[in-house]
S.K.: 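Let me give you the structure first, and then I'll get to my questions.
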Amino acid sequence: MDAVNKVINEDLQKERDKCKFNVAELTAFLDGGDKFTQKRREKENRVFSIQGLRDAVPDEYMSHKERYENAVRKAVIMHQTLGTLEDKTLTEYETARLALRATTSSAIFKENSPLMLHYSMFANVIEGQGDEKQREYWLKKINNMEIIGTYAQTELGHGTFIRGLETTAEYDPKTEEFVLNSPKLTAYKWWPGGLAHTANHCVVMAHTYSQGKSCGIQPFMVQIRDLETNMPMKGVKLGEIGAKLGFNTVNNGFLGFENHRIPRDRMLMKNSQILKDGTFISSPNSKLTYGTMVYIRVSILGTMANTLGRAVTIATRYAAVRRQSQPKPNEPEPQILDYVTQQHKLFIGIASSHAYYISCFWLWTLYHRVTKELAVGNMDNLAELHALACCLKATTSADAAVLVERCRLACGGHGYMLSSNLPQIYANVTAANTYEGENTVMLLQTARALVKAGMQVAQGQKVSPSMAYLADQSKMAKWDSSVDGIVKGFQKVAAGKVAACLASLQRHTNNGQSAEDAWNLTSVQLVAASEAHARVILLSVFKSEMDVQTLTLSGETRTVLFQLVQLYTIYWALEKVGDLLLPTTTTTYSVSICDTAMRCDGWMDETSLFEKSTIQTSARTGIAGLVLSGLVYDSAVYPELVHQSLTSWPLQ
Ligand SMILES: CCCCCCCC(=O)SCCNC(=O)CCNC(=O)[C@H](O)C(C)(C)COP(=O)(O)OP(=O)(O)OC[C@H]1O[C@@H](n2cnc3c(N)ncnc32)[C@H](O)[C@@H]1OP(=O)(O)O
Ligand SMILES: Cc1cc2nc3c(=O)[nH]c(=O)nc-3n(C[C@H](O)[C@H](O)[C@H](O)COP(=O)(O)OP(=O)(O)OC[C@H]3O[C@@H](n4cnc5c(N)ncnc54)[C@H](O)[C@@H]3O)c2cc1C
């Protein structure tokens, strides 16, 4: 065994020794400072040192029931441990960032914790939808685990269409109670995490009626299990929805009501109220009820960063130690990391994970600002936050699923083993394409805002900051292959797509189609316009945040971070070269793009953008430990790719 370990460590150590910049500095940069790296490591070391958190047998050899019971056992230990580590001096943002960066939960729960929804949505929805008294009463119970909860919105018949939810809550002024019912099977809540056996309370989103009138979808705090016996309350039916691709320890369940009565004060009344006599006071904006989903969508960017980071750490480390084939006779088999195809598979995953972290922290800052504004009734920036959260959640989760699968493939047969953990990581990441707003639906939400902004631009009106580029009428006289130049190219592409969507909508309505049918007929282009907008945001935020945030870093660390920005930008320029080449309504540079392909080659050689160096990975899982000593793309690669792809396109 020693001989095998020695060979593996030797290669890995060789890669580590090539590191040319300060590993601790980059780690602290991603954590938000040395103080947070130390806190994160304390938390991780504490958790990883607990023997009780290790599985007696790998959980892939347990039954569905054993796996859940084992997860509950670990969740209790984790809560007791983390409870002692909680740092009340941290702001909400700092706590969230630390939670996001720590790899504890993902290392202990391969398929997530049964308490996942309790921590992620249950507390947040009370915070966001409860009035002061309700927050005061419930948050204490939630934080000290007197009650365990989940967020019950999706039903068997409806997940996307919230206004179509069929669970009803009818107000009875005689008893000052709401009567909850699931009138049809499709009205049964279906999916909420922890709902099957773990949660004893949940926030139920129900179609509310009072004085014979609809009051829309409102949130209710409902006790579903007896706190002593853990049996379902009267008029409540509960159960497990069964085995899934992943998330098999999240205990997703179903919930049906039959004349289940709850007191009036269980309606969460921060935004809307129903008075004792049944008078309904509606929210200043009905979408405030959707606030928790915006919060989770923002956090999903960080979850994608962390999840992709773990997968690309495993695959890169494997690529450093796996030796295969003999391209040069009489030479030892090379590390597969030396194959450029292997680098092309993996390094975009490292760059993307960093880009998602940076975008998440950027969007979180906007989320906290808008939340403060909402608290004083200012809703000016809610639409912009919603549009950004939708398209960035959709784009990062879609990309992350592709890149995690690519990490699995890059490990050959060993990537297909459950012991590699790559299949479980894939099962987790691909779920994010569906939950918290199915990706197509989310992109179409952002498209609504883009179409609206496109019309405002046409009328000379101001638009939100993230869409201001739509108003830029300047022409790109020639292709600029710098990062800023490529970002500008993507802005032109997105603007062109939005303009083309507006033209399509107009054409369909001119032909007598209804607005809804015109929208549906244009929806494929609308999704593409929304994704193009997301690319503009991801690329520009990664660059602009690096410009600002890296000023205090040492030269080598700055260099490698900017190489990640360049790699990420050029990768997507190549992926979307078709869009960049096609002359959109607002772009003239496409004609010149190809005749600069040679210069583009030269550009790559001149800037020696990708020096020959290697990946450095540290002992920790998770992107925090994954550090780069430089990008390995040899300059011979990219010009080839760029030249080939750019010259093969028909010029206009
Ligand atoms: C750690 C994580 C674990 C994760 C576990 C997973 C948990 C879950 O999955 S919980 C359930 C998640 N479910 C969802 O996300 C459902 C997705 N569906 C929706 O959000 C809505 O049905 C949606 C937005 C698609 C449509 O809503 P609907 O009420 O029909 O509004 P719609 O008519 O499309 O739009 C009306 C206006 O509201 C705006 N709007 C919609 N949602 C929001 C919002 N959240 N915030 C602000 N504005 C909004 C729209 O932008 C639109 O504005 P405008 O008229 O100016 O264009
Ligand atoms: C792992 C996991 C955990 C979950 N946890 C929870 C939870 O804790 N609590 C909870 O409430 N829910 C939860 N959900 C449910 C999740 O939120 C829903 O699955 C999601 O909102 C999608 O709704 P749906 O499943 O009804 O799919 P549908 O909306 O039926 O989507 C099916 C297809 O229809 C398309 N489609 C739907 N509407 C439109 C439209 N307007 N325009 C164009 N195409 C459309 C979609 O793009 C998709 O391709 C979870 C789901 C998963 C997978």
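Here the structure is a predicted model, which means the values were calculated and not measured. Start at 1 and go down the list; that is how both ligands and their atoms are numbered.
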S.K.: Give the numbers and elements of all ligand 2 atoms closer than 4.0 Å to a heavy atom of L444.
M.R.: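 Counting from 1, the qualifying ligand atoms are 42 (N), 43 (C).
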S.K.: With only distance considered, is T160 within less than 3.5 Å of ligand 1 through an N or O on each side?
M.R.: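 Yes; at least one N/O pair falls below 3.5 Å.
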S.K.: Is there a polar contact between ligand 1 and S120, counting only N or O atoms under 3.5 Å apart?
M.R.: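 No.
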S.K.: Can you tell which part of V294 has a heavy atom less than 4.0 Å from ligand 1: side chain, backbone, both or neither?
M.R.: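 It is the side chain that touches ligand 1; the backbone stays farther off.
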S.K.: Have a look at ligand 2 and work out which part of L117, if any, has a heavy atom under 4.0 Å from it: side chain, backbone, both or neither.
M.R.: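 Within the 4.0 Å criterion, L117 contacts ligand 2 through side-chain atoms alone.
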S.K.: Which bit of R297 gets closer than 4.0 Å to ligand 1, counting heavy atoms only: side chain, backbone, both or neither?
M.R.: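 Side chain only; the backbone of R297 stays clear of ligand 1.
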S.K.: May I ask you to check if ligand 1 and Y151 share an N or O to N or O distance below 3.5 Å?
M.R.: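 For ligand 1, there is no N or O atom that lies under 3.5 Å from one belonging to Y151.
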S.K.: Ligand 1 and Q153, any nitrogen or oxygen pair closer than 3.5 angstrom?
M.R.: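 Yes, Q153 has an N/O under 3.5 Å of an N/O on ligand 1.
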S.K.: Which one of L526, T434, L245 has a non-hydrogen atom at the shortest distance from atom 20 (C) of ligand 2?
M.R.: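 Ranked by closest heavy atom to atom 20 (C) of ligand 2, first place is T434.
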S.K.: Taking a cutoff of less than 4.0 Å between a non-hydrogen atom of the residue and any ligand atom, is G159 in contact with ligand 1?
M.R.: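 In this structure, G159 qualifies as a contact of ligand 1 - some heavy atom is under 4.0 Å.
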S.K.: Can a salt bridge be assigned to the pair E111 and K244 using a cut-off of 4.0 Å between side-chain N and carboxylate O?
M.R.: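 K244 and E111: not salt-bridged.
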S.K.: Test your reading of the model: is there a side-chain donor-acceptor pair from N381 to the backbone of V370, 3.5 Å cut-off?
M.R.: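 Checked: no pair found.
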S.K.: Does any N or O of ligand 1 fall below 3.5 Å from an N or O anywhere on L382, backbone included?
M.R.: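 In fact, backbone or side chain, L382 has no N or O that close.
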